[in-house]
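Keep in mind it's a predicted model, so treat the numbers as computed, not measured.
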There are 2 protein chains.
Amino acid sequence: MKPTIYDVAKEAGVSISTVSKVMNNTGNISAETRKRIQETMKRLNYQPFVASVKKRMRTIGLLIPNIADPFMAEMARSIEDQGRKLGLSLMVCSTDNDLEKEVEYISMLQQKYIDGIIVATGLKRNKAIKALIDTEIPVVLLSRDVPSLAIDTVIVDDFFGAFEATSYLIKLGHKRIAMITEDIEFPSIECRFQGYKKALENAGLMYDEGLVSFNNISFDGGKKSALALLQSNKMPTAIFASTESLAIGTIQSAHELNVKIPEDLSVIGFDNTILATMCVPQLTTIAQPIEEMAQKAIELLIEEINTPKKVRQRVVLSPELIVRDSTGKAKQ
Amino acid sequence: MKPTIYDVAKEAGVSISTVSKVMNNTGNISAETRKRIQETMKRLNYQPFVASVKKRMRTIGLLIPNIADPFMAEMARSIEDQGRKLGLSLMVCSTDNDLEKEVEYISMLQQKYIDGIIVATGLKRNKAIKALIDTEIPVVLLSRDVPSLAIDTVIVDDFFGAFEATSYLIKLGHKRIAMITEDIEFPSIECRFQGYKKALENAGLMYDEGLVSFNNISFDGGKKSALALLQSNKMPTAIFASTESLAIGTIQSAHELNVKIPEDLSVIGFDNTILATMCVPQLTTIAQPIEEMAQKAIELLIEEINTPKKVRQRVVLSPELIVRDSTGKAKQ
DNA sequence: CTGAAAGCGCTAACAT
DNA sequence: ATGTTAGCGCTTTCAG
C-alpha cells in the first residue's frame, strides 16, 4: 500500500500536522524533527496526494485538434516543458474539432480538478467555449481567436505572415502567385487569405480567383489543388500554401508532373514544423514562434490561476520568414 | 463556485448519499427521485470530483521520449483514443530518455494518483523502472523490452521486420545492401540489426561491416551516414534505415548527390509514420501496427488495474511491409 | 427506498 | 515546537 501521511507520522513518532508542516514549509519545526521526518518520507518513498484538500491537480489540460499533427505535437511539447518547470502535468485532449468530443473532454477535465485549460481547438460556434467559461476554470486561447470574448489569447499575426510570404515571392519576381488554403472556417485562415490579397494589391498585381484553391482535407487536398493549378493553362510560377501539409502536398504534385522546385515553381509554407526540413527540397516557410507562444500561454494561464479577476490580455506574436530551398527567382 | 454533492442534495431535497447512489447506480432509488436528482445535476452542471474517495484519477500516464516525434505522437493519439472510450485521460510525459526527467515524472504521476502507466521511454539501466515497479502502480511496457522483468509488455517483432525489409530488397535483386541505424542502445535496435544480418546470411550474401553505419542523432545523422555511404567506392544499391527519420535523411542526401530514388538507390524505412507518405518519393517501409499496439497496451493495463496479481503477458505483434515508391529493382 | 455517519489523505486554524 | 481537530467532496456501510 501507498504510504499516507499517517504512516510517515507514526514512523517518525510525530503527529500528522507536523509532517504536513515540513512538507509545506509552514509553521515552526525544529531542524532535528524536520530532518527526521524528511528521512522517513524518503525511506517510505512517501508521495503525498496533490489534490486532497486544495482540490487542485497541478495539471493543465490541452485541447487541440490532434496530437498526431506535427504542429500541434511540437506545440504540446513546448507547453509540456514550460509546465513541468512549474510542477504541472499536461493532459492531452485531441478533439478532431468535433463538438461532441470537445464537450466530453471539457467535462472530463472539470471532474479532474484541472488547474487550467489551454484551448487550441476549433470550438465551433462558440458553444463549447461558452460552456467552458461557465466552469470558471482559467482558460487561455492559443492559436484561436474569438474577439467577441474577453479571454486571454495568444496568437500569431496570420495576416502579416501571409503578407510576408506573398511579398517575398513578389520580390523574387513572381507575378502569377497562387494560394492553396484550407477552407475558411477559422479567423486565422481568413487572415492569411487577406494577407495574401493585400500583398498582391500593394505590389499592383491583380487578384485572380482562379489562382486560389480551397480544401477541406489537408494533405491530399493540397495535392489535388496543386495538380489542378499546375495543369491549368495559366500555371502559377509560385504557390503560397497556408499550411505545412498543404505545401508538402504541393511539392509531391509538382514532382509527379515533373515540375522542378524551385526552378519552375516556388513553394512557400506556413508553420515551420519538422516537416519543413524533412522534405525535398527543404521548405521555405513562415515560422510560428512555437516556443514563445507556449511560454506566453502558460504565463497567462498561471496569472489567471493566481489572480482570477485580472485584466485579460490578447498577445499577438510575429511570425518569421525562413528561407530554405523551395523558393527561387522567377524565370524571365 | 463549482457545485458539490451537497448543493445537489439540497436543491433536490434529498441527502447526499442518495445523490451518490444515483451517480453510481447503486442501491435502490425510486425512479422519481432518480429523475429529480438527475435533472438537478444537469441544471447545476454538477461535475463530481473523480478522486475523492477511491483516490483514482481515471487517468493514465504515458512516458515517452518526445511527444514531438511523429511516431510517438501517433502512438499517443491511438492510446488517447483507446483510453477515452473508457473515460480515461492521458498525461503525456516526454523524458528525452533522460533518467532525471524519468524519475521526476514518475514521482509526479504517483502524487496524482494515476491509475496506470504506459512506458515507452528509455529507462536506462532499469533504475527508473525498478523505482516504478516499487510504486505498485500498474505498468505496461510499450515498444520497450526488459526481458528480465515480469511486466506486461507489448512490442513489435523488430527482428522479423528488419528481416522482411532486407529480404524484400534482396528479392528486388539488390546485393550491396547497407543499413543505417541508431546506436544500439536498446534491444529493439539490436534486433533490427540482427534481422538485417540474418536476411543477408539466408540469401548467401556476405555481411560487410563497411555497409553499416551507426548514429546517435537521428535525422542529421542519417543524412551524414547516407552521404558517406553514397560517396564511398563501394556504393550500395539499397539502404535499409532502421527509423523513419533516418530514411528521410537518406533521401535528402541522395537528392543532394543527384542519386535517383528508386532508379539508382532503393530506400526502405521502419515505423510508417506520416513522414513516410509526405516525402518524395513516398517511402517503402516496415509498418508498426500502432493502433493494435495501443489497444493491446491499454487492454493489458486495464486488466492489471482490475486484477493486480494476474499473470503477466508479453505480446509480440508483427510489423508489415508497405511498398511505396522508394524501392525498385536493382540495376543489372 | 432513504438518510446518518464513519472514513479516505490532507491542510489550516487553534490549542497546548 | 508540536498536537488536536474540523473540514474538504465523496463512497459506503448500516439503520430506519
Side-chain angles (χ1 to χ4, degrees), chain A residues 1-41 44-59 87 107-115 135-137, chain B residues 1-41 44-59 87 107-115 135-137:
Chain A
M1 267 306 284
K2 198 168 181 303
T4 73
I5 195 171
Y6 290 94
D7 301 317
V8 177
K10 190 183 291 174
E11 278 282 315
V14 295
S15 76
I16 58 162
S17 60
T18 307
V19 176
S20 175
K21 277 164 197 154
V22 345
M23 284 186 335
N24 300 288
N25 267 311
T26 57
N28 272 0
I29 307 291
S30 70
E32 200 186 356
T33 312
R34 150 165 293 121
K35 197 175 156 211
R36 185 155 37 89
I37 292 178
Q38 279 166 341
E39 271 162 9
T40 311
M41 294 197 299
L44 299 183
N45 185 29
Y46 170 63
Q47 304 281 355
F49 178 36
V50 279
S52 79
V53 168
K54 292 204 227 290
K55 302 278 178 294
R56 284 298 136 206
M57 281 302 297
R58 307 246 65 216
T59 297
S107 165
M108 278 174 75
L109 292 177
Q110 282 182 73
Q111 303 184 180
K112 283 162 191 178
Y113 282 59
I114 287 300
D115 297 67
T135 66
E136 295 177 29
I137 301 177
Chain B
M1 267 303 286
K2 200 170 180 298
T4 71
I5 195 171
Y6 289 94
D7 301 315
V8 177
K10 190 183 290 175
E11 278 283 312
V14 294
S15 76
I16 58 162
S17 57
T18 307
V19 176
S20 175
K21 275 164 197 153
V22 347
M23 285 188 332
N24 299 289
N25 267 311
T26 56
N28 274 0
I29 307 290
S30 71
E32 201 185 355
T33 311
R34 151 165 292 121
K35 200 176 153 211
R36 185 157 37 92
I37 292 177
Q38 279 166 340
E39 273 162 8
T40 311
M41 294 197 298
L44 300 183
N45 185 28
Y46 171 62
Q47 303 281 355
F49 179 37
V50 279
S52 77
V53 169
K54 290 207 228 296
K55 301 274 177 297
R56 284 299 138 208
M57 280 302 296
R58 307 247 63 215
T59 296
S107 165
M108 277 175 77
L109 292 177
Q110 282 182 75
Q111 301 184 187
K112 283 161 192 180
Y113 282 60
I114 288 299
D115 298 68
T135 67
E136 294 176 31
I137 300 177

Novice: Check every nucleotide of DNA chain C for an atom under 4.0 Å from a heavy-atom of chain A, then give the first and the last such nucleotide from 5' to 3'.
Specialist: C:dG9 to C:dA12

Novice: B:N24 side chain to B:K21 main-chain N or O, any donor-acceptor pair under 3.5 Å?
Specialist: no

Novice: I need a per-nucleotide contact map over nucleotides 6-16 of chain D, read 5' to 3'. Cutoff is protein heavy atoms under 4.0 Å; write B for the base, S for backbone only, - otherwise.
Specialist: -BBBBBB----

Novice: With side chain to side chain donor-acceptor pair (under 3.5 Å) as the criterion, how do A:T33 and A:S30 come out once you've worked through the C-alpha distance, each side chain's angles and the decisive distance to 0.1 Å?
Specialist: CA-CA 5 Å; A:T33 312; A:S30 70; 2.6 Å; yes

Novice: Please examine the side chains of A:Y113 and A:K54, heavy atoms only from C-beta on, and report whether any two atoms are closer than 4.5 Å.
Specialist: no

Novice: Please answer whether the main-chain N or O of B:T59 pairs with a side-chain N or O of B:D115 as donor and acceptor at a distance below 3.5 Å.
Specialist: yes

Novice: Are the side chains of A:R34 and A:Q38 in contact, using a 4.5 Å heavy-atom criterion?
Specialist: yes

Novice: Please report the closest heavy-atom contact between A:V50 and B:K112, naming both atoms and the distance.
Specialist: CG2-CG, 3.6 Å

Novice: Please step through side chain to side chain contact (heavy atoms under 4.5 Å, CB included) for the pair B:N45 and A:Q110, ending with a clear verdict.
Specialist: CA-CA 10 Å; B:N45 185 28; A:Q110 282 182 73; 3.7 Å; yes

